[in-house]
Amino acid sequence: MTMPVADLPLWVVIGVSVLLLLGSGLTLLGAIGLLRLPTFYQRIHAPTLGTSWGTGAIMLASILYFSIVGSRAVLHEILIGVFVTLTTPVTLILLARAALHRDRTEGNTSVPSANPPQDQP
């Protein structure tokens, strides 16, 4: 049996609202960082943080809301969080390495070389 939405306790409504606003704000911040930051390497960093933390807050809001409405623990949203947490950093690393390889191949001097200078004792 499910609880009607109008009968939700105030603490659930406030908690879900705060988590949704926090998650959407973090995601918006990552999107703004993608647009405003000057270099590719800086631009790929902002959305990964916004996506990870924003998804986490939205996921917690969903768990809270559907657990209260459905009168049972709803935890399958955790899988979404696990997949986003695992795939976002891997994608960031792959994109950064591909861009670094491209920049080194083109001879761009603003990126570090593949073989850093060794310190002489």
Side-chain angles (χ1 to χ4, degrees):
M1 184 167 185
T2 62
M3 175 187 299
V5 177
D7 294 339
L8 285 175
L10 183 61
W11 67 270
V12 173
V13 174
I14 292 172
V16 168
S17 300
V18 167
L19 286 169
L20 284 175
L21 287 173
L22 178 67
S24 60
L26 288 170
T27 304
L28 178 64
L29 191 64
I32 291 170
L34 177 67
L35 293 173
R36 299 287 302 186
L37 291 172
T39 67
F40 174 78
Y41 300 104
Q42 292 173 345
R43 280 194 299 255
I44 61 173
H45 185 67
T48 57
L49 291 176
T51 301
S52 297
W53 289 100
T55 300
I58 292 170
M59 177 189 62
L60 287 175
S62 175
I63 289 172
L64 178 63
Y65 176 77
F66 287 109
S67 293
I68 298 298
V69 168
S71 300
R72 63 183 173 83
V74 177
L75 300 176
H76 60 274
E77 284 94 348
I78 292 177
L79 285 174
I80 296 169
V82 167
F83 290 138
V84 167
T85 303
L86 290 176
T87 58
T88 301
V90 171
T91 306
L92 167 71
I93 290 169
L94 290 174
L95 284 170
R97 286 189 179 182
L100 191 60
H101 177 71
R102 181 200 61 212
D103 287 344
R104 286 179 180 159
T105 303
E106 292 175 353
N108 190 344
T109 58
S110 66
V111 296
S113 64
N115 299 322
Q118 299 294 326
D119 290 333
Q120 298 295 327

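Below, all heavy atoms of this structure are taken into account, side chains as well, without hydrogens, waters or symmetry copies. Quantities reported herein were computed from a predicted structural model and do not represent experimental measurements.
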With rounding to the nearest 0.5 Å, note down the distance linking [atom1] in [X] to [atom2] in [Y].
X	Y	atom1	atom2	answer
Thr91	Leu86	OG1	CG	10.5 Å
Arg102	Arg97	CZ	CZ	16.0 Å
Asp7	Ile68	CG	CD1	13.0 Å
Thr88	Ile44	OG1	CD1	12.0 Å
Trp53	Ile58	CH2	CD1	14.0 Å
Thr87	Leu94	OG1	CG	11.0 Å

Check your understanding: Could you go step by step and tell me if Leu19 and Tyr65 meet the side chain to side chain contact (heavy atoms under 4.5 Å, CB included) rule?
Key -> CA-CA 11 Å; Leu19 286 169; Tyr65 176 77; over 6 Å; no
Which atom pairs, donor and acceptor, lie under 3.5 Å between side-chain atoms of residues 21-36 and protein residues at least two apart or in another chain?
from	atom 1	to	atom 2	distance (Å)
Ser24	OG	Leu20	O	2.9
Ser24	OG	Leu21	O	3.2
Thr27	OG1	Gly23	O	2.9

Which atom pair, heavy atoms only, marks the closest approach of [X] to [Y]?
X	Y	value
Thr85	Pro89	O-CD, 3.0 Å
Ala99	Phe40	CB-CE2, 3.3 Å
Met59	Glu77	SD-O, 3.1 Å

Should [X] and [Y] be regarded as members of a common hydrophobic cluster, given that ILVMFWY residues are connected when their side-chain heavy atoms come within less than 4.5 Å of each other, either directly or indirectly?
X	Y	answer
Leu8	Trp11	yes
Val69	Leu10	no
Leu64	Val13	yes
Ile63	Val84	no
Leu92	Leu100	yes

Exercise for review: Without swapping roles, check the side chain of Ser67 against the backbone of Val74 for a donor-acceptor pair under 3.5 Å.
Suggested key: yes
